[in-house]
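Inspection log for the structure reproduced underneath, given as structure tokens.
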Amino acid sequence: MKTKKRILTAGAWPYANNYMHVGHLAAMLPGDIVSRYHRLIGNEVIFVSGSDCHGTPITERAKRENVPPFEIADKYHKSFKDCFARLNFSYDYYGATYEGFHKEEVRRVFLKLYEDGWFYEQKNTQDYCPTCKTFLSDREIRGVCPHCGQISKGDQCDECLASLDASQLKDKTCAACGGATAQRENKSLMFKLSEFQGQLERLLAARQDTWRTNALNETRKYLEQGLPDRAVTRDLSWGIDVPVKGFEDKKIYVWIEAVLGYYTCCKKVAGERGAAVGDFLKDDGNLSTYYIHGKDNIPFHTVIFPALLLAMNPAFQLPEYIMSCEYIKTNNEKMSKSLGNLIAVPDLLDAFDADTVRFYAILSNPEKKDSGFTTAGMIGAHNKILVGGLGNFVNRNASYLKKKFGGVVPDGAVDQGIADATRALYKDAGARLEAGYTREALELLVDYVQAANKYYDDRKPWVQAHTDPAGFGDTTATCLYMIANMSNLFYPFIPSAMERLKGMLGLEAAKWEEARFTAKTLGEIGIHFNRIEN
RNA sequence: CGCGGGGUGGAGCAAUGGUAGCUCGUUGGGCUCAUAACCCAAAGGUUGGAGGUUCGAGUCCUCCCCCCGCAACCA
């Protein structure tokens, strides 16, 4: 008997200052597929994510729109939540960093790390605006670019694109009020990241088979440079207050806080199930952890977060699977609002069925390299595979039985070769899913559907029905068997369509193991996927 | 020489150094159970360029050319 494993699927936290687009979707949807798969094979899953609601960009947008930052964060958080619900994400909890339990728990962890000596105070001089009475980050400063002489932001020059930091600018002014800046002494808390160099190098070595190539390379680069200590406090107005004496006016660096959301939400869900988070997350050989995000998030998940976990509790499992995707491109360009090629998920869901979107988002997922996502491509995949492949296979079988035999299923035996191939498919696709490669798994399933249609054509049941009743029975049994198994295999990818199919055919609840078709008669069979005309 | 990802039939992609394949599109055929759905076949490539290593290079080495990301709204 197989032992039940514990699974944490940790989806990236989208930043709540704009609507969700297909890039977010590409990065996060594989987390839902993996979670659903693990539930089907009987594991205990905690699947969490949430909205990243603090930080400068939200504050800036709030200022521009003349509303409190909370309003911005809350608006987009609600939009995210709505998208995930419409997309059928099976989160055990989807939170927001502004929620009380998260803030409280983060402060508790932060204070504990401080008391354990992982943070130290550092004094420095920083740009300060006397008018706005605040310290300024690089991007809040304007000044003369040393390369081209134009007025530039502090982080990168708009004119000559040189990468800068604010100390290189001359005649610095505050971006908000235009007044001259002053140098003032400031202090921050630094995290002793450098002390984890050795442990993180060992982690990297141990994860050669389970982290994506881009994560391995990116992490190696950081480790080869040598890890510096990192500031964990910021001079912002919108965020979680630093719980350390003398730092009450500062906020916790958003990346520290957001990444701890995996922990706070896991603790919340575990708690609701009557379990301790420490027991759930301990690396006892019975836990697997998956982290799902885009490649720009890699160092936060392979360096910062593991270091925090080590500082919190050395018994915790460090990230086991890093599912860091590449980017979605449109016409070989990065998607962006300004280029007008960004596809917003709410718009997509207004126009298309959630399963269609899910199916195409996985089939075109930038799993190993950049890929494209177009509505034309999505319509093509829907019509070709869901309508012409899967839906058609169900429909051609069912409608023939209904029309000629009143829906009565003839006696017959399932083809042995196909049964073997089906069992092998559960194994192979399961192995791909377990390793975090959802696109590869789905491609195997698509092949199965194509083979099923080919089998039907080769056997010609519409001829067999007249010339070879026994052969017709076998063909029908084999096809219905394949349909029953498709309804299991596709379940993690397109759950609502497969629920519908199971309902129509009286099939039992999805499991990740060979199913048999047992009904003696077919009920009313409707159309599963409608062709999208364009 | 900043870092990284790429350049393969019309489009999108695949190929541990060993006969360049797949999907879509195109053309022709088959079938008529099925939502102009399904099945088969053909056409279409000197694998960005130039050298080199090798019995053998899309794959390894050197040089060159081109596209994209690393900044913003972002995975």
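Each chain gets a letter, A, B and so on, in the order its sequence line appears, and its residues count up from 1. The analysis underlying the following values was restricted to heavy atoms, covering all of them including side chains, and did not include hydrogens, waters or symmetry mates.
When the nucleotides C74(B), C73(B), C33(B) are ranked by their closest atom to the side chain of Trp462(A), C33(B) comes out on top. You'll find that the side chain of Asn18(A) is closest to C73(B), out of C73(B), U35(B), C33(B). Here the nucleotide nearest the side chain of Asn217(A), chosen from G5(B), C73(B), C39(B), is G5(B). Set against C74(B), U35(B), C38(B), the side chain of Asn453(A) has C38(B) as its closest nucleotide. Residue Tyr327(A) places its side chain closer to G69(B) than to any other of C33(B), G69(B), C40(B). Of the listed nucleotides (C74(B), A37(B), C33(B)), C33(B) has the atom at the smallest distance from the side chain of Tyr456(A). Taking only side-chain atoms of Lys454(A), from C-beta outward, the nucleotide of U35(B), C74(B), C39(B) with the closest atom is C39(B).
Nucleotides G48(B) and U54(B) have their C1' atoms positioned 23 Å apart, rounded to a whole Å. Rounded to whole Å, the separation between the C1' atoms of U19(B) and U23(B) comes to 22 Å.
Between Ala451(A) and Lys295(A), the residue anchored closer to the 5' end of RNA chain B is Ala451(A), taking for each the nucleotide with the nearest heavy atom.
When heavy atoms are screened at a 4.0 angstrom cut-off, Pro366(A) is found touching no nucleic acid atom at all. Looking at heavy-atom distances under 4.0 Å, Asn395(A) makes contact with a base. Note on His301(A): nothing from the nucleic acid sits closer than 4.0 angstrom, heavy atoms only.
At G30(B), none of the side-chain N or O atoms of Lys460(A) fall inside 4.0 Å of OP1 or OP2 (strictly under the cut-off). The phosphate of A37(B) has neither OP1 nor OP2 within less than 4.0 Å of any side-chain N or O from Arg396(A). A close approach under 4.0 Å does not occur between any side-chain nitrogen or oxygen of Lys329(A) and OP1 or OP2 of G5(B). Under 4.0 angstrom from either OP1 or OP2 of C74(B) there lies at least one side-chain N or O belonging to Asn17(A).
Considering OH of Tyr76(A) and CE of Met20(A), their distance stands at 13.5 Å, rounded to 0.5 Å.
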Protein-nucleic acid N or O pairs under 3.5 Å, nucleotides 8-14 of chain B:
residue : atom : partner   : partner atom : Å
A14(B)  : OP2  : Lys369(A) : NZ           : 2.2

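In this structure, CG of Asp457(A) is placed 18 Å from P of G29(B), rounded to the nearest angstrom. Straight-line distance from the NZ atom of Lys221(A) to the P atom of C70(B): 13 Å, rounded to whole Å.
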*If you write RNA chain B from 5' to 3' in dot-bracket form, with Watson-Crick or G-U pairs under 3.5 Å, [ ] for crossing pairs and | for pairs with another strand, what do you get?*
.((((((..((((....[..)))).(((((.......))))).....(((((..]....))))))))))).....
